[in-house]
Structure formats: C-alpha cells, structure tokens
Amino acid sequence: MQSSLIKIENLSLSFPDHHVLNNLSLDIKKGEFLAVIGENGVGKTTLVRILLKQLRPSSGKIIMPDDLRIGYVPQFRNIDVDYPLSVRDFVSLSFTGFKFPWLSKTEKKRLNEVISEVKLNNIEKRPLGLASGGEKQKAYLASALVKHPQLLILDESTASWDPKTKHELLDVVVDINKKFSVTILFVSHDLKLVSEYPDHYLWLQKGNYESGKISDLPRDVKEGINV
Amino acid sequence: MFELEFMRNAYVAGTLIAILSGVMGVFVIARNMSFLSHTLSEIGFAGASFGIFMGWSPLNGMLLFTTISSILVGELSSQVESRRESVISAISGLFIGLGILFLALAQTNSSYATNILFGSVIGISQQNVNQMILLSSLVLVVILLIFRDLKADSFDPIGARVNKVHSSLMSILFLVMLAFSVSVAAQIVGSLLIFILLTLPAASSKYFAHTVFKMTGLAIVFALTGVWLGLYLGYLTNWPVTFFISTIEVIIYAIALFYNSLRNRSE
C-alpha cells in the first residue's frame, strides 16, 4: 500500500448563501490517479483552490507536506491571438525565483526534457497566441511539469481538447504518473476519460460525496448520466 | 552637431531613456498598462509644477507625484482588476488639476510648462544627465533582481501564482520603477509623449520577436531608432524633437501591424 500524500479531514466550505463542500474526508495516496467529478457548482474548483492555498476552508483541515510541489493546469488562461511568447519561452516562465535572468545549464536541460516529454518539440518556437487549443493545453501541462511536481492538478483541462489531443495528453500524464509516482488530481466532466485513465474517483454531490476505486464507480455514472 | 554640448547631452540622455523604455515597455505591454503610463506622464507634469512651486528641481517633484500616484493606483485597483481604468482616470484628474494649480501659484511663465509637457533638448545639462544615469541604473538593477518573477507575473499571472510568485509585491515594485522611468524620460521627450516610448517600441517588437529577451532587445532598437533619428532631424530642421520621435515610433508600429497581418494571411 502506498503512503498517504494528502489527508483531507472533515473539510467544509460555505459561502454566505450556500455550502459547496460538506464534511469531506479523503486520503490521497502517493502515486494515485484520482478523478474528481460532479455537477457544476458542487465544489470541484473550490477544492482545487483550497489545495493551492488560495482559499481557506470554513472548517476541517488538509494535512500535506509544507514543501509539497504542486503543478497546476488551470481551466482557463488569458492567452489571446496577440500573445507574443513562443511555446518554449512560455514554459520557461515556470523557472521563478530571485536568480539570474537567464536559465542555468540544469534549467535548460530540464526545459528540454519537459518539452520532449509533452511532445512539443515541433512547435516550441511558435508564438503561443497562434497555437491551437490542444497545443496550448500541452504548453500549460509542460509548464506545470517544469518543477518536478509531486502533485499534478488538471482542472477541467480536457474541456477544449479534441479527442486525439485528449488521449495524447492523458497518455503523457499516465506516463508521468507511473514513472515518477506523481499523484494526479484530474477534475473532469468527461466520463469516458474518467473510466479509462484514473484509478480512483471522488464524486462530489450537493452536500455529499462518494469516493472509491474507479472500478466501483456505478455503471450508470460511467455510462454518461450527466455528472 | 556633436560639438554642441547640449546635443551631446541630449544623445546620452536619449540613449539612456531608449534603453530604459525598451526594458520597461515589454512589461508595460504584457501587463496592459499603456493607459497607466500615459497617465503617469501627465502626473509627472503635475509633479514638475509642484516642484517648481516648492522651489525644488522639477525632477524631484515628478518623482514624488508619480511614485505616490502609482502606489495609489496599485493599492486601489489590486482587488478588482476591472476597476483599474476608472481608478486611473480619477487619480489622473486629481493630479492634473493640482498641476495646473501649482503652475498658476508658482507664477512662472508658461514656457516652463511647455518645456515640461513637450520636453526640451536644449534644457538638458550635465547635471541632468548624471541624475538620469543614477536613476536609470537604479531601475535597471531592480528589474534585473526581480526579472524572473516579474516576467512570470506579467506574462502568465495564473501560473505565477501557482509558483508562489508574490504578485502584489511585483506589482508595487514595478509601478514604482515605472514612475521613476517616466520621471527620467519626461525631461527629454516631455511628459506628454513619454508614454510613446514606454509603449510603442515594445508593442511593435512583439510581432517580430517571441522571447522576452529578444522582445526587450528589439524594443530598445526601435526606441533608439526613434530617439537618435528624432534628435538628428530636430537638429536639422529646428522642429520639435518630440514630433519626430513620436512619428517615427508610430510608423514602426504601423509597419509591425502590417507585417503581422501579412504573416497571418499567409498562414
């Protein structure tokens, strides 16, 4: 049995007019590929934002290492057609910190690794603003991987992909998950993908939740009742 | 031309300003702050007249006003992004009003005001040049120190937050450095047109260059082209240098847009 990476204990968050998370407890293991599913507004993105420490829960807590490295592929980014940076330069933005403006040898090596892991080599010089939706998503994934995350969060990120890109991307994600035991938190509406890739699920419902192994996910859910 | 001391000073000062605006401009464009840099230049004018009123040097008045107002803009609009434009309008209205008031109270003749507004090549002394070297070096060193985080925060704020970049610190530091740059540059191109150098060269460069380093380099080249050529044409014709500089930069920008539309069509 893998050791636990994140322990969520009795987590609740309420806004003045409604509750989004209610008494959620969950153990996320190292190397787990967890799907987070549920209707809009049940708190999927809220949970992500609490994990990223952008929101504080109303009660309960999350126990995780202070120095946990988190990679995050958000739902939305403001990249328009005039966005100037090349895919490669965009990915390199993840090398933050008070260091020299230029990249060190090790950082360049890492950048090259990530770019080929995500298969961006043939478009690395193209301005990101001119890249297709799927190519942009690949760049976002690469940028989340730069710092060797222990936890990778994909937030609805398959929404704008075509089926081919979805599989390409998730194959990369599975690869990273298996090779480096990176824990994956995959927030999605796409039940077909959810039954194909992740090994566990967390199904958030209004004021309630279910969790377990993907194989135990009720068949009617898998078959596409709109979750 | 270079036997004249004021032309030598103008070229040294102009070169400094071009480098500074190229570096700062790339971030101004990425952070969508063209309007703020325009406003800061008007506020620079107000600060200069306050300086004159107080019997200080105009530069000190400018530094004071632009720094305070840029911090105000940063603080008042940090929570609600869409509020920024209105906050900037309000603050600029207030400061321009103050500028006109101080100018009237200082009872200097109006040519002083036009010098501040439109810039004056002849007015640049060796002492001004020294001040400019000092201030621009300060700005460049600060930008160099925070370069990576500022770059991430400007070009990918969402990713920067995940990477624990201190966004509000970056914003305030950048605004103060912008205030300094505006004050430095206002002396030669005038406060009214400083925003041209802080926006257009960088806005043009992004259609030709696709890394932050290359964009910065190209923005500096575009700014230098305008400043050097503008000074020379001003010297030949005796027309205002600011006119030439702004026209050259607008032409470069038009070419960049044209190039971009051609490229998009061919793809």
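No hydrogens, no waters, no symmetry mates; every other heavy atom, side chains included, goes into these values. Order of the sequence lines sets the chain letters (A, B, ...), proteins ahead of strands, with each chain counted from 1.
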Interface moiety of A:Lys147 toward chain B, non-hydrogen atoms closer than 4.5 Å: side chain
Taking every non-hydrogen atom, the tightest pair across B:Leu145 and A:Phe98: O-CD2, 3.4 Å
Which atoms of A:Leu51 approach chain B - backbone, side chain, both or neither, heavy atom under 4.5 Å: neither
Pairwise side-chain contact, A:Trp102 with B:Phe213, heavy-atom cut-off 4.5 Å (strictly under): yes
pair B:Phe155-A:Tyr83: side-chain heavy atoms closer than 4.5 Å: yes
Worked check of side-chain contact (heavy atoms from CB on, under 4.5 Å) between B:Val162 and A:Ile153: CA-CA 11 Å; B:Val162 182; A:Ile153 302 175; over 6 Å; no
4.5 Å side-chain heavy-atom contact, B:Asn163 and A:Phe95: no
Derivation of the side-chain contact (heavy atoms from CB on, under 4.5 Å) call for B:Tyr207 and A:Asp82: CA-CA 8 Å; B:Tyr207 296 111; A:Asp82 254 8; 2.7 Å; yes
Residue part contacting chain A, namely of B:Ala209, when any heavy atom lies under 4.5 Å: backbone
Side-chain touch A:Leu85/B:Thr211, heavy atoms, less than 4.5 angstrom: no
Which atoms of A:Phe100 approach chain B - backbone, side chain, both or neither, heavy atom under 4.5 Å: backbone
Region of B:Val165 in contact with chain A, defined by heavy-atom distances below 4.5 Å: side chain
Check: A:Pro84 main-chain N/O paired with B:His210 side-chain donor or acceptor under 3.5 Å: yes
Qualifying salt bridge (charged side-chain N to carboxylate O under 4.0 Å, His left out) pairs, either residue in residues 143-169 of chain B, two or more places apart: A:Arg77-B:Asp156, A:Glu107-B:Arg148, B:Arg31-B:Asp153
Heavy atoms of other groups near B:Arg83 CZ, more than 12 under 6.0 Å: no
